[in-house]
Amino acid sequence: MNTGLGKIIVNCASILTGNFLNKLISIAVLACITGFYSPSEFGRYSFVISYIAFFGIFTDLGINTLLTKDISGKSVEAREGFGHAIAIRFLYTVATFFAVIASLWFLGYGYEILYLAAAASLSLFFSFRGLFFRTAFDIPFQVNLKMGYPAVVNFLNEVLTLGVIVLLVYKKATLLWLILAINIVNIPWFVVMAYVSIRQIRPSFSFDTTTWRRIIRDSLPLGLASLLEGVFILIPVFLLSRLATDEAIGFYSLSFRLVASLWIVPIAVMVSLLPKMSRDAVFSENGVRDGFVRGLKLILLTGVPMALITDYYAEAIIGLFTDNSYADSAQALRIMGWGTFAYFINTVFYYTFTAAGKQRFNMAVWSVNALVCVGGCILLIPLFGYMGAAYSFTAALGAGLLCNVYFAYKGLGINVVPVVTKFALSGAISAVIFFLIPALSGMSAPLGVGFYLSALFFTKAVSVREWGDWVNHGDTRK
């Protein structure tokens, strides 16, 4: 497996391009749904989708990330590791399917929500929109840095989904039929993805209790971190459903869906770096730290402009996809854009700790995120409604960032201060250009971003050469 710079760039570009096209279609889907259904109906839809997405975590519990790392580091034979991933995750998914309906019934939700959840539960097996069983078949592409294949299949699936949604909206379908159709349309593309995947690595299935126990044990910290991330995502929506209105859920959910669509950027970068960093953790003493620095620089390069643009154009972004009934979402989007910037940086730490075998740090960080989010929502939602949820979202990710910085320094000897100094100075000046030059309000955003990027390249905070040096150094695989 060639992990040269060119292949890393192509893999990352494939993920980003595919997901960019998918997000454009997803935004069109969002516009169709919010344009036809009221904020209250969209709130019910968002609650069910968020609830299923949370339970989707139980279909993985860290299995994919662990086995991608182990297969890349050659501590597990590829065919056996892939087979174990499919088998374990299928059993997880079946159990999760029944747990979804049972938990909603136990919590006292009405039959309308139960029916919607039952239809949405098909996504646990087939959906391309989240961490569900289907992603088990991504492992061969992640290991071999060939994420272009799933990106193409995912895009075709999204196109078909959009066509079905447009038809159902035109026919004025109910939410139940909408959710059911969205999930059924995933099935043929799931079959295509599985077929292409097993041609990359043909899985070998065996029931080896010793190996399964080891995989489940080693993946547990990653799984708990993912579970806590799910709690962090679900809690605002869940508490809004208990402490506020369906309309408030709709306002918050629209902002969340828009910022969450950007999360693929740091994930694409770090998934592409994970195989190299995992090998470096075995063969090169400083390789993980070198990979962290380069990943962090790239994320800061993209994350600062993203946060500034989201803040500056929040009203325009909301107005682009919805009518005036959703205008109140703009303020939440502005706040959550900065939380997403913290998420970008946290993702770099997450994959760095995973490559270094420090999964327990990820679990600790997401524990803090979840606790801050829960506490913030309980205190702030009764006072500020959906804005209280937005404040809690951003505060939680900021608290997690501070924890990541601490664990990186104590556990890996990584000091982020030298890395971020030039970025922070360039970002501060860019912010001045953004917000303090009203006479140039139409041009302040492009001028700010342009200055930020120019300053970074002028000061050589980012260079192509350092990437090439890192990729070509310390790779002692035979």
Would you please classify the geometry between the Phe349 ring and the Phe353 ring as parallel, tilted or perpendicular, with 30° and 60° separating the classes?
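The rings of Phe353 and Phe349 sit tilted, inter-plane angle from 30° to 60°.
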
Which label fits Tyr51 and Phe55: parallel for a plane angle under 30°, tilted from 30 to 60°, or perpendicular past 60°?
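Plane angle between 30° and 60°, so tilted.
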
I need the [X] [atom1] to [Y] [atom2] distance, nearest 0.5 Å.
| X | Y | atom1 | atom2 | value |
| --- | --- | --- | --- | --- |
| Arg134 | Ile187 | CZ | CD1 | 14.0 Å |
| Ile63 | Ile139 | CD1 | CD1 | 8.5 Å |
| Phe137 | Asn64 | CZ | CG | 10.5 Å |
| Met387 | Ile335 | CE | CD1 | 5.0 Å |
| Leu240 | Ile249 | CG | CD1 | 6.0 Å |
| Ile182 | Ile49 | CD1 | CD1 | 6.5 Å |

To check you understand the geometry: which heavy-atom pair defines the closest contact between Gly337 and Met306, and what is its length?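 Smallest interatomic distance, heavy atoms only, reads O-CE, 4.0 Å.
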
Exercise. Nearest heavy-atom pair of Ala85 and Leu67: which atoms, and what distance?
Worked result: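 That closest heavy-atom pairing would be CB-CD1, 3.4 Å.
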
For Asn183, all residues meeting side-chain hydrogen bond (donor to acceptor under 3.5 Å, both in side chains), sequence neighbours excluded:
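Partners of Asn183 under the side-chain hydrogen bond (donor to acceptor under 3.5 Å, both in side chains) test: none.
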
- prompt: Mind checking whether Phe232 and Phe393 have ring centres under 6.0 Å apart?
  reply: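 Yes, the ring of Phe232 comes within the 6.0 Å limit of the ring of Phe393, centre to centre.
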
Quiz: residues 119-126 side-chain donor-acceptor pairs under 3.5 angstrom, not counting sequence neighbours:
residue : atom : partner : partner atom : Å
Ser121  : OG   : Ala117  : O            : 2.7
Ser123  : OG   : Ala120  : O            : 2.6

Using modelled atom types only, decide if a donor and an acceptor are shared between the side chain of [X] and the backbone of [Y] within a distance under 3.5 Å.
| X | Y | answer |
| --- | --- | --- |
| Asn346 | Leu397 | yes |
| Thr68 | Thr65 | no |
| Asn362 | Lys358 | no |
| Arg89 | Phe132 | yes |
| Ser197 | Met193 | no |
| Thr302 | Ile299 | yes |

**Asked** Please walk me through it: do Thr352 and Leu412 pass side chain to side chain contact (heavy atoms under 4.5 Å, CB included)?
**Response** CA-CA 10 Å; Thr352 301; Leu412 297 177; 3.9 Å; yes

Next item on the list: Evaluate the side chain to side chain contact (heavy atoms under 4.5 Å, CB included) criterion for residues Phe133 and Thr96: first the C-alpha distance (whole Å), next the side-chain angles of each, then the deciding distance (0.1 Å), finally the verdict.
Entry: CA-CA 11 Å; Phe133 172 68; Thr96 302; over 6 Å; no

Side chain to side chain contact (heavy atoms under 4.5 Å, CB included) between Ile165 and Leu178: does it pass, once the steps are laid out? CA-CA 7 Å; Ile165 289 176; Leu178 178 74; 4.0 Å; yes

